[in-house]
Amino acid sequence: MVSGSDDYTCKIWDVPNGVQISSFKEHTDYVRCGCTSKLNEDLFVTGSYDHTVKVFDARTRSSVMTIQHENPVESVLLFPTGGLLFTASGRYVKVWNMLSGGRLMVSLKNHHKTVTSLCLSSSRKRLLSASLDRHVKVYSTESYKVVHSFDYADSILSLALAPMDQMIVVGMTNSILNVKHRKSEEKSNDAAAKQHPRYRMFVKRQAYTPKQDDFIVSQPVKQKLKRYDALLRGFRVSAALDAALSSNVRVATPEVTVAVINEIDRRGTLDNALAGRTEAQLSTLLTFIIKHVIDPRFTQILINVAEKVIDIYSPIVTQSPVVDKLFLRLQSTVESEINYQEELLEVLGMVGTLFASMPSQKSISRETNLTSVPEDRRAMAAQSSL
């Protein structure tokens, strides 16, 4: 077993006998994490708050490799074959090639807060990362793309998988240990089902022809919920937003997409739904906002969404050229709409001034009546007044 102590020392223990075998003191800050190699019992890896990951060989009594990071290292994980090393530092999960002398292969940037724990599935096809942003991301170890995501109620400090991946266990900052069970796949026996009396009755009913005097009772048609409605009912707000932003929904019925966003905002979970999105997902959301923010029906809601997106993703500006261009397009669209509204207000002001300077309808009708009275009647009216 590998352990770290307050004096920045890494120690190796014989667990059955409770005896310390050796110790190494090369880190300059607290040793946060460590793991051992499954192929070579003399190799182990440690991660420290001094921004380094060190690979030690118990036979040489010193480190054989040092990998520098930009942030304190929170978790390290060796692939069972020993060729790959996964590290969590800051908001990034990095993959290193150990056979090439610690060469960086991939840097994953799907969290927007510190990644605290890493875990590998039993099949070695999935890599899990937990973060203080209350998300657990599931990556494919073949493409290193996010294939699934879990949302939790509070920041996550630790993560583990049960054997055969039947349970995922998460420890959070609110002192809660969350355990999720995987649904078991029940195999149906079609041959046995067909021998059941209910199946024979079903087949008989399907072949039955109604007679003239029969009263036919129609079965009620069960309406199937849309995917975003089902996800909202299950409180999976991030997945519901993805479903509402799918091409067939946002193009044909943008009002439905805005309604889903408004419902998520009403529940107070819009920040959680917007956070932790990939570059493609964020690009789709920004494109939708740019296209429909000038629609009077959606302006108020989409402006609120745009403000939240800017607050969440402002730290990663300049890291993605695609997202940067979309932010500039959004700024240009809003500025053009503001200028258009100002011009309309000026026109309304001029029209109001014209209407105010025109004589009223009553005075015009009174002058018209006076000019239409004959001369003799005017004279008679003047004599009577005298």
Could you tell me whether the side chain of T253 and the main chain of E255 form a donor-acceptor pair under 3.5 Å? no

Note: T46 and V31 closest approach over all heavy atoms is CB-CG1, 4.1 Å

Are V136 and V146 connected in the hydrophobic side-chain network, where two residues link if heavy atoms are under 4.5 Å apart? no

Do you reckon I338 sits in the same ILVMFWY cluster as L302, going by side-chain contacts under 4.5 Å, direct or chained? yes

Stepwise side chain to side chain contact (heavy atoms under 4.5 Å, CB included) check, F327 with K325: CA-CA 5 Å; F327 274 126; K325 289 181 180 179; over 6 Å; no

Verify, without hydrogens or angle tests, whether T257 (side chain) and A244 (backbone) share a donor-acceptor contact under 3.5 angstrom. yes

Could you go step by step and tell me if L241 and L274 meet the side chain to side chain contact (heavy atoms under 4.5 Å, CB included) rule? CA-CA 8 Å; L241 180 58; L274 295 174; 3.8 Å; yes

Measure the spacing between CG of N262 and CD1 of I301 and express it to the nearest 0.5 Å. 4.0 Å

Is the shortest heavy-atom distance from the side chain of L330 to the side chain of V334 under 4.5 Å? yes

Is it true that atom CD of Q68 has more than 12 heavy atoms of other residues, nucleotides or ligands lying nearer than 6.0 Å? yes

For T52 and I67, run side chain to side chain contact (heavy atoms under 4.5 Å, CB included): C-alpha distance rounded to whole Å, both residues' side-chain angles, the deciding distance at 0.1 Å, then the answer. CA-CA 6 Å; T52 63; I67 302 175; over 6 Å; no

Rounded at 0.5 Å granularity, tell me how far NZ in K125 sits from CD in E142. 6.5 Å

Quick one: does any side-chain atom of T287 pair with a main-chain N or O of S283 as donor and acceptor, under 3.5 Å? yes

Is there a side-chain contact between Y152 and M172 (heavy atoms, below 4.5 Å)? yes

In one Ile/Leu/Val/Met/Phe/Trp/Tyr side-chain cluster, 4.5 Å: L161, V76: no

With respect to S320, which candidate in V323, V317, I316 satisfies the side-chain contact (heavy atoms from CB on, under 4.5 Å) definition? V323

I need the T116 OG1 to R32 CZ distance, nearest 0.5 Å. 7.5 Å

Would you say I303 ends up clustered with I261 if hydrophobic residues are merged whenever their side chains have heavy atoms under 4.5 Å apart, either directly or through other cluster members? yes

Polar contact flag, side-chain donor to acceptor under 3.5 angstrom, D154-T173: yes

With a 3.5 Å distance limit and no angle check, can you tell me whether D50 reaches the backbone of T28 through a side-chain donor-acceptor pair? yes

Side-chain donor or acceptor of T269 paired with backbone N/O of N272 under 3.5 Å: no

Find out if a path of hydrophobic residues (ILVMFWY) with successive side-chain heavy-atom gaps under 4.5 Å connects V251 to I289. no

Inter-residue atom distance E337.CD - T299.OG1, 0.5 Å rounding: 6.5 Å

For A273 against I264, the heavy-atom pair lying closest together: CB-CG2, 4.1 Å

Quick check: do S140 and K145 have side-chain heavy atoms less than 4.5 Å from each other? no

Going through the distances and angles, do I290 and L326 end up as a side chain to side chain contact (heavy atoms under 4.5 Å, CB included)? CA-CA 8 Å; I290 293 170; L326 290 174; 4.2 Å; yes

Considering non-hydrogen atoms only, spot the tightest contact between L39 and P80 and give its length. CG-O, 3.6 Å

Residue pair T141 / R124, side-chain heavy-atom distance below 4.5 Å: no

Step-by-step salt bridge (charged side-chain N to carboxylate O under 4.0 Å, His left out) determination, D271 to K308: CA-CA 7 Å; D271 290 344; K308 292 182 180 294; 3.5 Å; yes

Is L128 close to L120 at the side-chain level, that is, under 4.5 Å between some pair of heavy atoms? no

Can you tell me how the ring of Y30 sits relative to the ring of Y49, calling it parallel under 30°, perpendicular over 60° and tilted otherwise? perpendicular

Out of L77, N97, V45, which residue meets the side-chain contact (heavy atoms from CB on, under 4.5 Å) rule with L85? V45

Any side-chain heavy-atom pair from P315 and H112 closer than 4.5 angstrom? no

F298 and F288: aromatic ring centres closer than 6.0 Å? no

Where do E26 and K54 come nearest, in terms of heavy atoms and distance? O-CE, 3.8 Å

State whether the side chain of R250 and the backbone N or O of L245 hold a donor-acceptor pair below 3.5 Å, judged by distance alone. yes

Give a yes or no answer on whether the side chain of S63 reaches the backbone of V55 with a donor-acceptor pair at less than 3.5 Å. no

Kindly compute the distance separating CZ (R59) from CG (D42), expressed to the nearest 0.5 Å. 4.5 Å

Give me the atom names and distance for the closest heavy-atom approach of L104 to V95. CD1-O, 3.5 Å

Please determine, by modelled atom types, if S122 and D165 share a side-chain donor-acceptor pair under 3.5 angstrom. yes

Output, in order, the C-alpha distance, side-chain angles, deciding distance and verdict of side chain to side chain donor-acceptor pair (under 3.5 Å) for T87 and H69. CA-CA 9 Å; T87 62; H69 289 69; 3.0 Å; yes

S158 backbone acceptor or donor facing S117 side chain under 3.5 Å: no

Taking the side chain as every heavy atom from C-beta outward, state whether I168 and F150 have any pair of such atoms under 4.5 Å apart. yes

With side chains defined as the heavy atoms from C-beta onward, is the minimum distance between T66 and V53 less than 4.5 Å? no

Could you measure the distance from the OG atom of S123 to the CE atom of M164? Nearest 0.5 Å is fine. 9.0 Å

Is there a donor-acceptor pair closer than 3.5 Å between any side-chain N or O of N339 and the backbone N or O of E335? yes

Where S131 and T114 come nearest, the two heavy atoms and their spacing: OG-O, 2.9 Å

Any luck finding a side-chain donor-acceptor pair between H135 and D151 under 3.5 Å? yes

With distance as the sole criterion, is a donor-acceptor pair present between the side chains of H111 and S129 under 3.5 Å? yes

Would you say the ring centers of F56 and F24 fall short of 6.0 Å from each other? yes

Determine whether more than 12 heavy atoms belonging to other residues, nucleotides or ligands lie under 6.0 Å from atom NZ of K180. yes

